[in-house]
Amino acid sequence: MPPQPNQRKRVLSGMRATGKLHLGNFVGALDNWVRMQDQYECFFFIADWHALTTDYADTSRVKENSLEVMLDFLAGGLDPERCTMFIQSHVPQHAELHLLFSMITPLGWLERVPTYKEQQENITGKDLSTYGFLGYPLLMSADILMYKGDFVPVGEDQVPHVELTREVARRFNTFYNLRGNPVFPEPQALLTPEPKLPGTDGRKMSKSYSNTIMLTDPEPVVRQKLKTMVTDPARVRRCDPGNPDVCPVGDLHKLFSSKNTIAKVYEGCRSAGIGCIECKGWAADSLVQILAPMQQRRKKYEDHPRLVWDILEAGAATAGKVASATMSEVRESMGMSLEYDGSRNS
Ligand code: SF4
């Protein structure tokens, strides 16, 4: 039985406003979030300010991209009755907390976050030697600590961000406190399973590799993408046996197909009893079954864009209440509350 609402631990997570989501986003995050809705008190946000840390030069699509992410949140099964969803910039307290954290965070802490150097090397064609890019893990710390979350669901590569958040909380609590009590709890990383989901070229599924299967891809597009998907290179001819464990299509089967189909794939691939075209057809069948209900839900919301905006506004109001309470405590702990202090000024 799920815990009662008031006993639930709080979870906070976000996704960058990069537009429509792909299957990798679904199995790596969204699917887990959907399962968490009844177990935890969940805040899920669309990180539009985070998108600016790399795409600051052209902001013309940021709002539209945020809405596309929201439509996929709803399509994937996030339910506004069971979780709070909002756009990061609609709760401007995140920026205030980020600013205050930037005052106390040593530069070295940010420079040693592994994704900082990695992304600077990998993302070419953009000048990422900006203050905002260096500070984005700190903005993430503000996002998390604002809600005093107990858990942050993350994959292995995001653990350093949660570690940084814990260090920032500790440092803040060392400098400032509320009548002897710490302001911020230290959140725990909730390691979520990261199933292997290759893109159509066999590399990790990513928009930057143009190898994605989108949650919105219609059936013919899914089938066409599957047809061109790479397979076990050992199967040069139809009569060559293969191994689904080294084939990206095999990985799709393991995630989305029934036990029966998976058994047929292993048997048929290893004995060369089936051809890759047939096997890819089965994988496409499984994917279409997963995607169809999501696409139906999405359509319902696409037809009522005002409803989607209303959900986001309600989410921002709920999140904003928590954020306001946190910021009051933060200001008070720093001796900078907004209250008129009559005794000192009289
Ligand atoms: S039969 Fe299926 S699992 Fe085997 S190599 Fe071909 S596509 Fe991959």
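Keep in mind that the numbers below use all heavy atoms, side chains included, and drop hydrogens, waters and symmetry copies. When a ligand or atom number is given, it counts from 1 through the structure's own listing order. The structure presented is a predicted model; accordingly, all values stated were derived computationally and were not measured.
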Checklist entry - Is atom 8 (Fe) of ligand 1 under 2.8 Å from any N, O or S atom of Cys247? => result yes
Item to check | Result of checking Thr200, Thr231, Asp232 against Val249 for side chain to side chain contact (heavy atoms under 4.5 Å, CB included) | outcome: Thr231
Next on the checklist: Hydrogens and angles aside, do Asp58 and Ser60 bring a side-chain donor and acceptor to less than 3.5 Å of each other?
Outcome noted: yes
Checklist entry - Heavy-atom contact under 4.0 Å between Cys276 and ligand 1? => result yes
Checklist outcome for this item: Nearest non-hydrogen protein atom to atom 1 (S) of ligand 1, with distance, is Arg235 NH1, 3.2 Å
Item to check | Under-4.0 Å heavy-atom contact with ligand 1, by part of Val249 that carries it | outcome: side chain
Item to check | Minimum-distance protein heavy atom relative to atom 4 (Fe) of ligand 1 | outcome: Cys269 SG, 2.3 Å
Next on the checklist: Distance check below 2.8 Å: does Cys279 bring an N, O or S atom to atom 2 (Fe) of ligand 1?
Outcome noted: yes
Next on the checklist: Would you say the ring centers of Phe86 and Tyr147 fall short of 6.0 Å from each other?
Outcome noted: yes
Item to check | Donor-acceptor pair between Asn32 and Arg35 side chains, under 3.5 angstrom | outcome: yes
Checklist entry - Is there a donor-acceptor contact under 3.5 Å linking the side chains of Glu278 and Trp282? => result no
Next on the checklist: If the test is side-chain hydrogen bond (donor to acceptor under 3.5 Å, both in side chains), which one of Lys299, His304, Arg298 qualifies with Glu302?
Outcome noted: Arg298
Checklist entry - Any idea which atoms of ligand 1 are less than 4.0 Å away from a heavy-atom of Asp232? => result 5 (S)
